[in-house]
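Structure, as structure tokens:
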Amino acid sequence: MSKKLTTREIDYSKWYNELVVKAGLAENSGVRGCMVIKPYGYAIWEKMQAELDRMFKETGHENAYFPLFIPKSYLSKEAAHVEGFAKECAVVTHYRLKNAEDGSGIVVDPDAKLEEELIVRPTSETIIWDTYRKWIESYRDLPLLINQWANVVRWEMRTRLFLRTAEFLWQEGHTAHATKSEAIKESETILDVYAEFAENYMAMPVIKGLKTESERFAGAVETYCIEGLMQDGKALQAGTSHFLGQNFAKAFDVKFTSKEGKQEYVWATSWGVSTRLMGALVMTHSDDLGLVLPPNLAPIQVVIVPIHRTEEQLEQISEKAEEIVKKLRKKRISVKFDDRTAFKPGWKFAEYELKGVPLRIAMGPRDLENGTVEVARRDNLEKNIVSQEKIENYLEDTLEEIQQNLFDKALKYRENHITEVNTFEEFKDVLENTGGFVSAHWDGTIATEEKIKELTKATIRCVPLNNKIEEGKCVFTGAKSTQRVLFAKAY
RNA sequence: CGGGGUGUAGCGUAGCCCGGUUAUCGCGCCACGUUUGGGACGUGGAGGCCGCAGGUUCGAAUCCUGCCACCCCGACCA
């Protein structure tokens, strides 16, 4: 294995691919487009899940689980929805295998054809709304606030670890409400949850916004999103929350009796974030030495590396190290004491840098003498000699500082990469040379959006919420516009 | 799904054009010893159906056909 990563400067996309594999997050599998998430990567995902799950529950949601398979007829009930997903569905057509007559192996048994084909869920709206019809009778059954953690399959042509895989893990929330305003409020509440998670846990600043018609979820009335900005200047949609109106309620006939005794269709939302967040996390903070993980999501927050010549030294160091481990565990800081003698300290340093461990403690004979340790920060690579006295407080504070620093750094980068432009020449220039978001007036038509995409590969990432209303002219057509929108090249 | 490229030990590779002893080298792995404050060194050792399946040939990593996987560039998408 080559020791050095390809640098971001030389080939950003290669850097990403190598990093994900070398840091032990994930690897490609024998199945086209499907990845294996390795223990270290899965540990990060579990931390994401734990936090999001807590936030969902705090906002009144419950978990449930719906089937992986969806009858073909369900999917076609909502016209826009089926059109959005039809091209990327895996379909189960048979339910049995048999030995080939010529002995060449196993073949699909042609006699075992399914009456109705089953779709491997690309998302679960249809099966869920078919179920909700039975669960909802009265306004008393509302709101219905359910989330599920699941895998879904979208048959992608070109895949990349975490960013776009044929199968991925996610959570999908599906809620039903008595009123339109309540449903809209729900999708906004979840958007806030996502933004808070992204910023406080992933240390990734995001812009909250609304999708344009062409980027909207198939079957939604309105799609809210959070958009992050990666270090190469490309935007990444990190989460979406949809106000579905009554589209699915009508398609699946989900009605309730109101207080006034009238039959009404319910109002719906759905929302999700996926393992794509892992890709966002990697591309927001990491550097040419490897991963940089925010302390709030790092599986190992502190690693202790002993430096010793003799067995006795190792024993003495271990004793001190174990004391530190205990103190840190009491503070619920995850710590690993790496006393493996098979690897030299220098090797371990490089390894934990590659894996993005926020803090590294080195402890050697000199430290034993002086009652100190060497503390190295992964985010800015600074090293400090610190007294062992009250070390746990120092580490706790430093972890918080790192979390904040990562966010600040990412925010600064993002702020420096939102550029207002007023001409199409500027638009192309910024896109080409500066990257990031381009804030420009747009005439609101799909045709213009498409034309710009064709010419520049940039799409409208979102119309920011609380956007400033200002008179202007469309950057492309010169037609009247009331506000700026954010364009960017995107993942 | 179109165009291009690549599959040889766990990883990275030489050999392929022009078929011919025992398939090359580095890293990693195992054993022993010396080492240990930024990816240590020495000695010895193990590990391969040369991506898979057919074919041509006395003989295939090498030539031919099909398939599979991965990478890059497009179209599509979270």
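Residue numbering restarts at 1 for every chain, and letters A, B, ... go by the order of the sequence lines. Note that these values count all heavy atoms, side chains included, but never hydrogens, waters or copies made by symmetry.
Between A:F427 and A:F424, a ring centre-to-centre spacing shorter than 6.0 Å is recorded.
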Which atom pairs link the protein and nucleotides 66-69 of chain B when you take only N or O atoms and keep those under 3.5 Å?
residue: B:A69; atom: OP1; partner: A:R32; partner atom: NE; Å: 3.4
residue: B:A69; atom: OP2; partner: A:R32; partner atom: NH2; Å: 3.2

Show me the protein contacts with nucleotides 40-46 of chain B, counting only N or O atoms at under 3.5 Å.
residue: B:A40; atom: O4'; partner: A:K344; partner atom: NZ; Å: 3.4

What are the atom names and distances for every N/O pair under 3.5 Å that joins the protein to nucleotides 3-9 of chain B?
none

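In this structure, B:U34 and B:A40 make a Watson-Crick or G-U wobble pair, each of the two defining distances being under 3.5 angstrom. Summarising the base pairing, B:G12 is matched to B:C25 through a Watson-Crick or G-U wobble pair whose two defining distances lie under 3.5 Å.
In this model, the phosphate group of B:C73 is approached by a side-chain N or O of A:R158 to a distance below 4.0 Å at OP1 or OP2. Look at A:R164 and you won't find any side-chain N or O under 4.0 angstrom from OP1 or OP2 of B:C77. Applying the 4.0 Å criterion to OP1 and OP2 of B:C70, one finds that A:N17 has every side-chain N and O outside that range.
Within 4.0 Å (heavy atoms only), A:T123 reaches no atom of the nucleic acid at all. Among the atoms of the strands shown, none is found under 4.0 Å from any heavy atom of A:P306. Residue A:S13 is classed as a sugar-phosphate contact, given heavy-atom separations below 4.0 Å to backbone atoms only. At a threshold of 4.0 angstrom between heavy atoms, the contacts of A:K383 include nucleobase atoms, whether or not backbone atoms are also involved. Counting any heavy atom pair closer than 4.0 Å across all strands shown, A:D367 reaches a base atom. A:F217 comes within contact range of no nucleotide atom at all, as no heavy-atom separation falls under 4.0 Å.
At a threshold of 4.0 Å, the pair A:E167-A:R154 does not count as salt-bridged, since none of the basic side-chain nitrogens sits closer than that to a carboxylate oxygen.
Residue side chain A:R309 does not reach the base of B:G37 through any donor-acceptor N/O pair under 3.5 Å, judged by distance alone.
Between A:R8 and the choices A:D287, A:D232, A:D288, the salt bridge (Lys or Arg N to Asp or Glu O under 4.0 Å) rule is met once, by A:D288.
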